[in-house]
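For reference, the structure is listed below as structure tokens.
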Amino acid sequence: MAKVRAKFVCQQCGTSFPKWTGKCESCGAWNSLLEQLPIAEGKSVVARSQGQKLTAEKIRDVKIDTVADRIASGFDDLDAVLGGGLMPGGVVLLAGQPGIGKSTLLMQVAAVVASKKEVLYVSGEESASQIKLRAERLGAKDSQNLDLASSVSADDVAATILSGKYKLVIVDSMQTMQMAEIASAPGTVSQITNSASIIIRAAKSTDTAVILVGHVTKEGSIAGPKVLEHIVDVVLEFQGDKYGGFKLVRASKNRYGSTTEVAIFDMKESGLELVKNPSEALLAERRDTDGSVILATLEGNRPLLVEIQALVNPTNFGYPGRTASGFDLNRLKLLIAVLERRTKLKLTDKDIYVNVVGGLKLDDPAADLAVCMAIASAAAERKLAAGAVVFGEIGLGGEIRSAHMVDRRIAEAKKLGFKFAIAPKSADRLSGSRVKPGTTSGRFVVPASDLRDALNQHLK
């Protein structure tokens, strides 16, 4: 008999190799090859047919199926991220780092939905008694319509969905699911792909809403094959610091709605709670000192006011240090170079530290001006005028460029009582003529053409 040989499959791209190597030669991923045993004899036989000609319809004659009402999750902002709630027959993939609160959020959603509909919570990582302990902490232990199960069989989960009893099924997590017909270990490309496929087919045929939990790698991307993100309807990313600060849920893919909405949560003893006014919470403990600037930023379509802190100290070594928390370090180095070249500030012998308060991670280009003004304020030991918010992108020439959704940023600043906004000239047309810093007369935006102009006006 021929010797049965195992193959090694890359968990990132699916390429197979006859032997293990530390790096995948196809996609370049390190330590991504896992051993996969050959499928047992008799289980790999696929029935093949000659195929039939497809029956096509004219697009004008296609009838749209009526869609049942969406299922409310119990969190208004989360429903907005989903596009209006959980879609019957829709499959949602929720991914986030360990300990950030995925299971907590899903138990709270399950408890709310179970007040009106039948819900099944399937865990491949915990026993039913462990899930019950979490339900007791979150106040969901007495729900009559919430069923718990502990299983790693994707076949059993799909069969349960096909029974049609449940309107919402939560599977925690896909990396633990496996099919009996496949000999490879749970978490491999073949197991994840095939397990997800049969669960999705069952959900579509019975109009059952399904939420799948996904693991993430140490780089932050969703673990497993990329095809998992393609075959589901919605991909939600749970972001934030698991040890404190706000936690954000945003959609990176949504077939039923927008991908620009965001839900902001705070972890309490009783579970996750929506933060109705995150700007007020982020600024509640602010001290008005040099190096402190308020940034009007956006999380998706939601405006936020965030404090940017900077600290500038003389360096004790030959090479100055640059440290950033919540802001891209390479971008910080670029902005420091612009500050030195386009203004009179000398920062080559200074250690510079930048912090975004609240544990948020900014990827908004309009944060550039606030970071630069915070560094300049700390270096010159001069405070920014009271009641000012700042936003604008900085170019390499020191020019201040336009920002996205200026009207929303300004509206949020006005709501919290700020007096004026230091912003690009393009934002001036939304609120009219200039005002003097620190006054309430006139209009709201104080435009600045370039970085030197902004510093000369407001750091005197």
Side-chain angles (χ1 to χ4, degrees), residues 75 77-78 80-81 95-97 99-102 105 216 219-220 236-252 259-268 272-287 289 291-311 322-332 335 352-375 377-378 384 388-394 403-405 408-413 415-416 418 421:
F75 298 101
D77 291 353
L78 181 58
V81 173
Q97 60 179 317
I100 197 170
K102 300 187 297 297
L105 176 62
V216 296
E219 291 81 14
L236 299 182
E237 296 181 357
F238 209 150
Q239 302 171 347
D241 186 358
K242 64 181 179 180
Y243 298 111
F246 291 154
K247 296 167 175 56
L248 285 68
V249 177
R250 64 173 82 244
S252 60
T259 57
T260 58
E261 298 291 340
V262 62
I264 302 177
F265 294 92
D266 191 14
M267 180 67 78
K268 304 291 186 180
L272 289 165
E273 294 181 3
L274 278 177
V275 181
K276 295 298 183 182
N277 194 341
S279 298
E280 185 177 2
L282 288 169
L283 301 179
E285 300 175 349
R286 184 203 176 203
R287 296 181 61 185
T289 61
S292 175
V293 172
I294 302 302
L295 164 68
T297 186
L298 292 171
E299 281 292 344
N301 281 339
R302 186 170 186 174
L304 280 180
L305 298 188
V306 183
E307 181 184 2
I308 305 294
Q309 295 178 328
L311 184 63
R322 277 60 173 123
T323 304
S325 175
F327 192 76
D328 183 64
L329 182 58
N330 290 328
R331 186 68 181 174
L332 174 62
L335 294 176
I352 299 177
Y353 308 90
V354 172
N355 176 47
V356 180
V357 175
L360 298 179
K361 290 179 171 47
L362 297 179
D363 56 2
D364 183 9
D368 291 352
L369 181 57
V371 171
C372 287
M373 295 198 72
I375 294 172
S377 172
L384 191 64
V389 295
V390 182
F391 61 89
E393 182 180 358
I394 301 294
H404 185 52
M405 294 186 182
R408 296 195 178 190
R409 300 174 196 259
I410 293 175
E412 183 73 6
K415 185 174 70 174
L416 291 181
F418 284 86

**Item:** Glu280 backbone acceptor or donor facing Asn277 side chain under 3.5 Å
**Value:** yes
**Request:** Would you check, one step at a time, whether the test side chain to side chain contact (heavy atoms under 4.5 Å, CB included) holds for Asp77 with Ile264?
**Result:** CA-CA 8 Å; Asp77 291 353; Ile264 302 177; 6.0 Å; no
**Request:** Kindly indicate whether the side chain of Phe418, heavy atoms from C-beta on, has any atom under 4.5 Å from the side chain of Leu305.
**Result:** yes
**Prompt:** Quick one: CD on Gln309 to OG on Ser377, what's the gap to the nearest 0.5 Å?
**Reply:** 11.5 Å
**Request:** Provide the closest heavy-atom pair for Leu416 versus Ser279 in the form atom of the first, atom of the second, distance.
**Result:** CD1-CB, 3.3 Å
**Request:** Taking the side chain as every heavy atom from C-beta outward, state whether Phe75 and Leu105 have any atom pair closer than 4.5 Å.
**Result:** yes
**Asked** CD/Gln239 to CG/Leu248 distance, rounded to the nearest 0.5 angstrom?
**Response** 6.5 Å
**Message:** With a 4.5 Å cut-off on side-chain heavy atoms, are Val390 and Ile294 touching?
**Reply:** no
**Message:** Check the orientation of Phe265 and Phe238. Use parallel for under 30°, tilted for 30 to 60°, and perpendicular for over 60°.
**Reply:** tilted
**Request:** Would you name the heavy atoms of Leu304 and Glu299 that are closest together and state the gap between them?
**Result:** CD1-CG, 3.4 Å
**Prompt:** Just how far is it from atom CZ of Arg409 to atom NE2 of His404, taken to the nearest 0.5 Å?
**Reply:** 8.0 Å
**Prompt:** Is there side-chain contact between Leu295 and Val356, with heavy atoms separated by less than 4.5 Å?
**Reply:** no
**Message:** Is there a side-chain contact between Ile100 and Lys247 in this structure, where contact means two heavy atoms from C-beta onward sitting under 4.5 Å apart?
**Reply:** yes
**Asked** Any ion pair linking Asp368 and Arg331 (charged N to carboxylate O, less than 4.0 Å)?
**Response** yes
**Request:** Test side chain to side chain contact (heavy atoms under 4.5 Å, CB included) on Leu311 and Ile352 and set out the steps.
**Result:** CA-CA 6 Å; Leu311 184 63; Ile352 299 177; over 6 Å; no
**Message:** To check you understand the geometry: which heavy-atom pair defines the closest contact between Val306 and Thr297, and what is its length?
**Reply:** CG2-CG2, 3.7 Å
**Message:** Can you give me the closest heavy-atom contact between Ala95 and Val216, atom names plus distance?
**Reply:** CB-CG1, 4.0 Å
**Under 3.5 Å: donor-acceptor pair, side chain of Lys102, backbone of Gly96** = yes
**Request:** Report yes if the side chains of Leu332 and Ile375 come closer than 4.5 Å at any heavy-atom pair, otherwise no.
**Result:** yes
**Request:** Look up atom CD1 in Ile308 and atom CG in Asn355, then write down how far apart they are to the nearest 0.5 Å.
**Result:** 8.0 Å
**Message:** Please report the interatomic distance CD(Glu307) to CG(Leu283), rounded to the nearest 0.5 Å.
**Reply:** 7.0 Å
**Message:** With a 4.0 Å cut-off on N to O distance, would you call Lys361 and Asp328 a salt bridge?
**Reply:** no
**Message:** A side-chain contact here means heavy atoms from C-beta on lying under 4.5 Å apart; do Ile410 and Val389 qualify?
**Reply:** no
**Item:** Minimal non-hydrogen separation, Phe327 against Ala367, with atom names
**Value:** CE1-CB, 4.1 Å
**Complete:** On a heavy-atom basis, the closest approach of Phe391 and Ala421 is CE2-CB, 4.1 Å
**Message:** Whether the Ser292 and Arg287 side chains hold a donor-acceptor pair (N or O, under 3.5 Å, no angle test) is what I'd like checked.
**Reply:** no
**Asked** Is there a donor-acceptor contact under 3.5 Å from the side chain of Gln97 to the main chain of Gly240?
**Response** yes
**Asked** Between Lys415 and Glu412, does at least one N-O distance fall below 4.0 Å, as a salt bridge requires?
**Response** yes
**Prompt:** Is any side-chain heavy atom of Arg250 closer than 4.5 Å to a side-chain heavy atom of Thr259?
**Reply:** no
**Message:** Distance check, rounded to the nearest 0.5 Å: Thr323 atom OG1 versus Leu329 atom CG?
**Reply:** 7.5 Å
